[in-house]
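In the text below, chain A, chain B and the rest are named by the order of the sequence lines, each starting its count at 1.
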Amino acid sequence: MTVITRFAPSPTGFLHIGGARTALFNWLYARHHGGKFLLRIEDTDRARSTDAAIDAIFDGLDWLGLVPDEPPVHQYDRRERHAECAMRMLAEGRAYRCWCSQEELEAMRERARAEKRPVRYDGTWRDRDPAEAPPGVDPVIRIKMPRSGETVIDDRVQGRVVVQNDELDDMVLVRADGSPTYMLSVVVDDHDMGVSHVIRGDDHLNNAFRQAQVFAALGWELPAFAHIPLIHGPDGAKLSKRHGALGVAAYREMGFLPEAMRNYLLRLGWGHGDDEIISTEDAVRWFDLDGCGRAAARFDLDKLTALNAHYLRLRDDDELVDLVVPRLEAMGHPVDATGQARLRAGMGGLKQRARRLDDLAEAAVFYVAERPLALDAKAAKLLDDDGRARLADYRAALVGDAPAFTQEALEAHARAVAERLGVGFGKLAQPIRAALTGRGVSPGLFEVMVALGRDEVLARLDDAVAGRA
RNA sequence: GGCCCCGUCGUCUAGCGGUCAGGACGCCGGCCUUUCAAGCCGGAGGUCGCGGGUUCGAAUCCCGUCGGGGCUACCA
């Protein structure tokens, strides 16, 4: 059997972390089995669906590299087909029209609550003669649920889950305005799209029972279900948009890399022994539903950040330059060809120390900032009278001895100068760092010098000695 | 309220009848060292929610209990 999975978000907000993980699992499962990964936009709720949200979902998936194998299906476009299926159920006696008003339904619920009985539709119109229908009222179409027996879902993650059929009420399939509801649409679309495995959040576990009955009423085979646990916020509750949960775009802006995000999301609720760093290739090779946990997980920014730092160091220097330049420019530091070259030369040391793209950019500022440099507090302290005096000596030695401008030669020379001055190497190195970078912390000194180039180094030393910086 | 799911260090997890309950993030200390990272080494941190069973032996099986979550719409 060909494996076909699908990610089916409703476009009522950005793509959040939970949706991203669901998409990832579906994508991985399809890839692992050489099947297809499809995307369906569940936009049947016209009031809440927006084009902006649809774009955000496309952008988010694209950034994460979870590209569907076929053009996305927009559920609303298929409403005729959905209604047609409902009509068939009606014709076959598997569904019926219901003329209950909202008020009647509300009263029904109130009564049930008062009597401490389960709150659900009581089947008023199930056997009532349609001839008794009140005039001028548009009916909804409800499914005729079995009233005895049980519905079993052999969930690939949750295991065998059973519910008594009398817990299921005759839910609405088609609204009074003729539009299909989610319960009908998912089933018809999953069937028509040939979906073999429905992998989704376990907030849909209860829906699976209802949908199983729709599949049965339509005479269709049930797909395999896999309900994965939800991701909770720090407060332990379901992640929701109005809950301060962020869209994937926000993480991109914070400087996270998609490969880090994929690795992190994969480990949230799925495990493969003690493996933590899992490349996408290995993820595809290893992913299965058995590895999914059943407990909800909490999102941990620190761990995502640690993974991100790892993947940052793995990236090519040139790619990182491209990623960091827009950030530097946004920070008010235009990057010209010279700046680009310096960034490329210095990226090795820079990326080793960064955790995200934003602190990478922050740490790279000194390569592209205009002289004289602004000093941070630590650098200012390093450039006191003593420090500046040592810098003057060092500058003179650099010009006088004219060592080759390579890391090795510069280091050997600087160490010799420190010895000549009778100070520990650190006493000389730190003021140099402050002069060249304006900071007390930076990548290796000689890497910085080489990246900056001799002229710039001398100019920055001059600035520092003269107290300009 | 009803139904369904879940419960191992702070967090993510490994574990599937016999392990000193392992790893990762975070935290603490050390080494390295021109700063900071990285790397390496070491440490603190879990009576496996709780209570009963079953068993020679339970985090692992059963029952109960408590706690958390989800669903209970003419939303998806």
Side-chain angles (χ1 to χ4, degrees), chain A residues 8-12 42-45 47-49 75 98 100 102 105 109 112-113 115-121 138-142 153 155 157-159 161-164 167-169 171-177 179-183 185-186 201-210 227 229-230 232 234 236-238 264 267-277 293-307 309-310 313 349-355 363 378 382 411 414-415 418 424-434 437 439-446:
Chain A
S10 61
T12 54
E42 309 232 311
D43 54 355
T44 52
D45 184 343
R48 297 199 306 152
S49 298
Q75 196 159 57
C98 164
C100 281
Q102 293 292 350
L105 292 174
R109 290 190 199 104
R113 259 190 287 270
E115 292 168 22
K116 292 198 166 183
R117 300 205 58 245
V119 181
R120 50 180 97 98
Y121 178 68
D138 290 325
V140 299
I141 296 176
R142 288 179 182 274
I153 298 292
D155 195 274
V157 170
Q158 303 292 336
V161 188
V162 185
V163 76
Q164 296 305 307
E167 294 291 336
L168 273 21
D169 68 356
M171 75 221 175
V172 173
L173 262 17
V174 179
R175 302 187 183 92
D177 67 3
S179 64
T181 61
Y182 160 78
M183 284 301 173
S185 301
V186 244
D202 71 10
D203 49 341
H204 285 285
L205 184 55
N206 289 289
N207 291 335
F209 299 120
R210 301 186 174 86
H227 289 92
L230 299 174
H232 285 173
K238 178 180 177 179
Y264 177 69
R267 283 292 292 115
L268 210 53
W270 183 84
H272 185 265
D274 281 339
D275 294 308
E276 294 289 346
I277 303 287
R294 263 151 293 174
R298 294 189 192 199
F299 188 77
D300 180 7
L301 200 63
D302 281 342
K303 189 154 182 177
L304 203 213
T305 303
L307 244 10
H310 172 82
R313 293 194 293 272
L350 248 22
K351 72 180 179 185
Q352 184 85 326
R353 294 164 173 77
R355 295 164 77 74
K378 212 173 160 193
L382 253 10
E411 174 160 5
R415 286 186 185 282
F425 183 56
K427 289 289 184 193
L428 175 62
Q430 280 302 82
I432 295 176
R433 185 188 313 285
T437 70
R439 317 256 174 112
V441 173
S442 83
L445 217 45
F446 307 105

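- When both pairing distances are held under 3.5 Å, B:G26 makes no Watson-Crick or G-U pair with any nucleotide shown.
- Nearest heavy atom pair, residue A:Pro118 against residue A:Ala112, reads O-CB, 3.6 Å.
- Look at B:G7: its Watson-Crick or wobble partner, with both distances under 3.5 angstrom, is B:C66.
- Residues A:Pro443 and A:Leu350 approach most closely at CG-CD1, 3.4 Å, considering heavy atoms.
- Note that OH of A:Tyr264 and CG of A:Leu301 are 8.0 Å apart. Values are rounded to the nearest 0.5 Å.
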(request) Verify side-chain contact (heavy atoms from CB on, under 4.5 Å) between A:Asp45 and A:Thr12, making sure each step is shown before the conclusion. (result) CA-CA 9 Å; A:Asp45 184 343; A:Thr12 54; 5.6 Å; no
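- For the pair A:Leu268 CG and B:A24 C1', the computed distance is 13 Å after rounding to whole Å.
- A:Ala297 comes within 4.0 angstrom of sugar-phosphate atoms only, judged by non-hydrogen atoms across all strands, and of no base.
- B:C56 and B:C63 have their C1' atoms separated by 22 Å, given to the nearest Å.
- Atoms CD1 and NE2, on A:Ile277 and A:His310 in that order, are 4.0 Å from each other to the nearest 0.5 Å.
- A:Leu304 has its CG atom 18 Å from the P atom of B:A24, to the nearest Å.
- Residue A:Asp300 holds its CG atom at 12.0 Å from CZ of A:Arg267, rounded to the nearest 0.5 Å.
- Straight-line distance from the CZ atom of A:Arg298 to the P atom of B:U11: 6 Å, rounded to whole Å.
- Ring pair A:His204/A:Tyr182 is tilted by interplanar angle, where 30° to 60° counts as tilted.
- Between the P atoms of B:C28 and B:C62, the separation comes to 42 Å (whole Å).
- B:C27 and B:C12: their C1' atoms are spaced 16 Å apart (whole Å).
- Here the separation of B:G67 from B:C50, taken at their P atoms, is 15 Å to the nearest Å.
- Residue A:Ile153 contributes atom CD1, which lies 18 Å from atom P of B:C3 at whole-angstrom precision.
- B:U72 and B:U65: their C1' atoms are spaced 25 Å apart (whole Å).
- Rounded to whole Å, atom P of B:A76 lies 9 Å from atom OH of A:Tyr182.
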(message) Output one letter per nucleotide in nucleotides 31-44 of chain B: B when a protein non-hydrogen atom lies under 4.0 Å from the base, S when only the sugar-phosphate is that close, - when neither is.
(response) ---BBBBSS-----
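- With distances taken from any side-chain atom of A:Glu167 to the nucleotides B:A76, B:G2, B:C71, the minimum falls on B:G2.
- Distance, A:Glu42 CD to B:A76 C1': 7 Å, rounded to whole Å.
- Side-chain atoms of A:Arg355 and A:Thr305 form no donor-acceptor pair, as typed in the model, at a separation below 3.5 Å.
- When distances run from any side-chain atom of A:Arg109 to the nucleotides B:C74, B:C12, B:A76, the shortest one goes to B:C74.
- Remark: A:Thr305 is not in phosphate contact with B:C25, judged by side-chain N or O atoms under 4.0 Å from OP1 or OP2.
- In this structure, A:Gln102 reaches the bases: a heavy-atom distance under 4.0 Å links it to at least one base atom across the strands shown.
- Atom-to-atom, NZ of A:Lys303 to P of B:U11 comes out at 13 Å; the value is rounded to the nearest Å.
- In this structure, A:Thr44 reaches the sugar-phosphate backbone alone: every heavy-atom distance under 4.0 Å involves primed, P, OP1 or OP2 atoms, never a base.
- Contacts of A:Val186 with the nucleic acid, taken as non-hydrogen atoms under 4.0 Å apart, are absent.
- Using a 4.0 Å heavy-atom cutoff across all strands shown, A:Arg294 reaches sugar-phosphate atoms only and no base atom.
- When rounded to the nearest whole Å, the span between CG of A:Leu205 and P of B:U72 equals 12 Å.
- Among B:C12, B:C5, B:A76, the nucleotide with an atom closest to any side-chain atom of A:Gln158 is B:C5.
- With values rounded to the nearest 0.5 angstrom, A:Met171 atom CE is found 13.5 Å from A:Arg120 atom CZ.
- Between A:Arg120 and B:C3 there is no side-chain polar atom (N or O) within less than 4.0 angstrom of OP1 or OP2.
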